[in-house]
Amino acid sequence: MDNLAIARIFSEIADLLEIKSENPFKIRAYRNASETIAYATERLAYCTEDQLRAIPGIGKDLASKIREIAETGEARYHRDLLEQFPTTILDLLRLQGVGPKTVAQLYAQLGIRTVDELEAACREGRVRALKGLGAKKEQLMLKACAERKQHAGRHLLPDASEAASLLLEYLRAECSTVTFVPVGSVRRGADTSGDIDILATGTDPHVMATFTIYKLVDRILGQGETKSSVLLWGGIQADLRLVPEESHGAAMQYFTGSKAHNIALRDRAMSRGLKLNEYGLFRVEDGALVAGRTEAEIYDALGLVEIPAELREGRGEIEAAELDALPHLVTLADIQGDLHSHTTETDGRDDIETMAIAARDAGFRYLAITDHSQALAMANGLDEHRALAHAQRVRDISHRLEGITLLAGIECDIRPDGAMDLADDCLAQLDVVIASVHSAFNQDEAQMTDRMLRAVTCPYVDIIGHPTGRILLRREPYKVDVRQLIEAAAEAGVALEINAQVDRLDLSDAHAKSARDRGVKIVISTDSHAAGGFRQMRWGVQVARRAWLTKDDVLNTRTVAEFRAGLRRNRRL
DNA sequence: GCCGTTTTCGGCCCGACTGTTTTCAGTCG
């Protein structure tokens with residue numbers, strides 16, 4: 001039982017208690033604990049009750065529940081709650097604009113348990129009959145249902161990757177003579193995945209049976225000799241395909257995709273009198289096998305250097321490979337610092353020093369502490385006075401610590417009219433300023449674009465944080481004209497952020513590539529709210545790689561001195 | 001449910017916005 005599984009159970013308990021209108025502080029205790037557990041560095045299933053109780057936010061009761069989950073895989077309290085409400089009710093809670101009170105009301109008065117039932121009830125005008133709900137709310141709910149359906153069956157990259165690596169670990173242990181590799185969108189590092197694809201090469205006759213009896217299989221969707229599909233616990237589908245040794249490379253290529261890349265590649269094969277499929281590259285005239293054992297062999301036979309999986313999206317990679325002009329992609333090891341983090345001074349979970357040490361342990365040479373500004377009241381955002389005092393503490397601690405440099409910064413809100421949330425003379429005294437939108441998300445495109453362009457013109461803004469505001473599988477980006485934003489950033493010398501939070505990954509790969517093409521510098525930041533957050537850097541780097549970024553394109557691959565020299569504020573001096 | 005005590009209860013974050021209201025409840029960040 002890994003930490004995330006325990007965290008998920010606590011989070012579900014919190015959701016269910018909310019629907020029951022339980023004591024809000026009890027709910028918060030479960031939610032806090034869920035986050036703490038998800039971020040914890042050691043595996044809590046191996047901890048004793050005393051060790052667990054030493055963790056802030058985990059008391060007697062929660063410690064014993066963690067032990068119970070570690071030993072039995074489940075908590076009785078959680079099961080009891082689920083008996084009072086159907087599990088599907090939790091899907092309703094994830095709809096935009098639908099909270100616990102509404103879910104409780106919908107279930108109690110209309111018996112609504114699923115998104116489909118809610119959709120039907122809205123269409124029939126039954127929802128507006130409930131107290132506090134009207135026709136307009138019905139429309140919003142219909143829209144939320146439609147958005148949900150659009151995302152149904154998709155999963156965030158880390159979820160899919162984690163499920164894939166557990167499955168691979170199991171398969172490799174059980175069938176040692178067979179080679180297993182992840183393919184599909186997980187191998188390409190796409191920000192969301194529809195399913196997990198695994199390729200097996202070898203001759204073990206038990207491979208398929210081994211796959212379908214995996215302990216996390218919820219349901220077998222299909223089972224054959226060369227292809228099987230299962231639905232895993234948690235709703236992720238996994239497909240396994242078995243191919244003979246001589247087709248390994250061709251199958252890897254074929255099943256890694258993407259579709260657009262494969263079509264272009266097959267097209268190229270055809271124009272050379274060749275045919276490409278999952279079994280190999282063949283000559284059309286006599287059917288002779290030209291290549292198939294490795295991917296490199298296949299690309300080579302098509303006159304191309306091997307293309308990294310992340311670039312196989314049909315965005316010009318074949319043309320670049322033909323000229324041997326593929327970028328040398330940035331790696332996690334190139335990253336020297338992190339430029340976006342929060343502490344207990346606003347909505348972070350750990351203090352400055354704890355964050356600094358965790359960043360150092362994660363391999364970073366520098367860290368910018370960038371807490372929120374005053375507009376974010378719920379996060380206890382900083383006004384000018386507190387921001388400067390906080391900056392002083394950051395600098396003091398930086399002097400004291402070995403092996404890491406702290407930069408005193410801020411994540412300053414961009415107000416709805418585009419003004420900065422803090423005065424210029426305050427921003428001028430900080431080392432680095434990120435400007436971000438956290439309010440009035442529903443402005444129209446003209447307003448939102450003007451707002452962000454105005455932020456870019458502020459001479460003390462160095463970086464635009466999570467520039468489109470998307471929350472993957474949950475919230476559409478705000479309506480900002482990214483092209484104009486990139487143009488403005490290029491002219492002003494403002495960097496754009498790739499926020500590595502797994503449900504943001506914002507900029508997206510496609511936008512980051514446009515920014516790079518226009519010469520805009522990129523920073524990759526974890527936006528860590530706790531000491532465990534620095535591990536998320538890898539997901540941001542994954543986006544950067546898919547965006548064709550090299551080490552030179554990314555500001556935080558530089559040393560701290562080079563980085564500071566490259567900031568807009570210092571260049572204009 | 002956790003925490004920190006002034007040791008065994010009382011405090012724990014809140015402002016803006018929206019759609020529903022006629023004074024506010026629910027949701028979001």
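Proteins come first, then strands; the chains are lettered A, B, ... in the order of their sequence lines, and each starts at number 1.
Relative ring orientation between A:H438 and A:H466 is described as perpendicular, the plane-to-plane angle rising above 60° on a 0-90° scale split at 30° and 60°.
Checking A:S514 against A:R483 by side-chain atom types alone, no donor-acceptor pair falls below 3.5 Å.
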Restricting both atoms to N or O, compile the protein contacts to nucleotides 24-27 of chain B shorter than 3.5 Å, with distance only.
| residue | atom | partner | partner atom | Å |
| --- | --- | --- | --- | --- |
| B:dG26 | O3' | A:T102 | OG1 | 3.2 |
| B:dT27 | OP1 | A:G99 | N | 2.6 |
| B:dT27 | OP1 | A:G99 | O | 3.0 |
| B:dT27 | OP1 | A:T102 | N | 3.1 |
| B:dT27 | OP1 | A:T102 | OG1 | 2.2 |
| B:dT27 | OP2 | A:K101 | N | 3.2 |
| B:dT27 | O5' | A:G99 | N | 3.4 |

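Remark: the backbone N or O of A:R415 is not paired with any side-chain donor or acceptor of A:S439 at under 3.5 angstrom.
Here the separation of B:dG10 from B:dT5, taken at their C1' atoms, is 10 Å to the nearest Å. Between B:dT8 and B:dC3, the two C1' atoms lie 12 Å apart (nearest whole Å).
Residue pairs meeting the salt bridge (Lys or Arg N to Asp or Glu O under 4.0 Å) criterion with at least one member in residues 96-109 of chain A: none, sequence neighbours excluded.
Base orientation of B:dT18: anti, the glycosidic angle falling outside 90° of 0.
The nearest whole Å value for the distance from the CZ atom in A:R415 to the P atom in B:dC17 is 13 Å. Nucleotide B:dG29 holds its P atom 15 Å from the NE2 atom of A:H342, rounded to whole Å. Whole-Å rounding puts the A:Q501 CD to B:dG29 P distance at 14 Å.
Note that CG of A:L17 is 4.0 Å distant from OH of A:Y77, once rounded to the nearest 0.5 Å.
For the pair A:L549/A:I498, a side-chain contact is recorded, criterion being any heavy-atom separation below 4.5 Å from C-beta on.
For B:dT8, there is no paired base (Watson-Crick or G-U wobble, both distances below 3.5 Å).
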Protein proximity profile, nucleotides 1-13 of chain B - base contact B, sugar-phosphate-only contact S, no contact -, cut-off 4.0 Å on heavy atoms
BSS--------BB

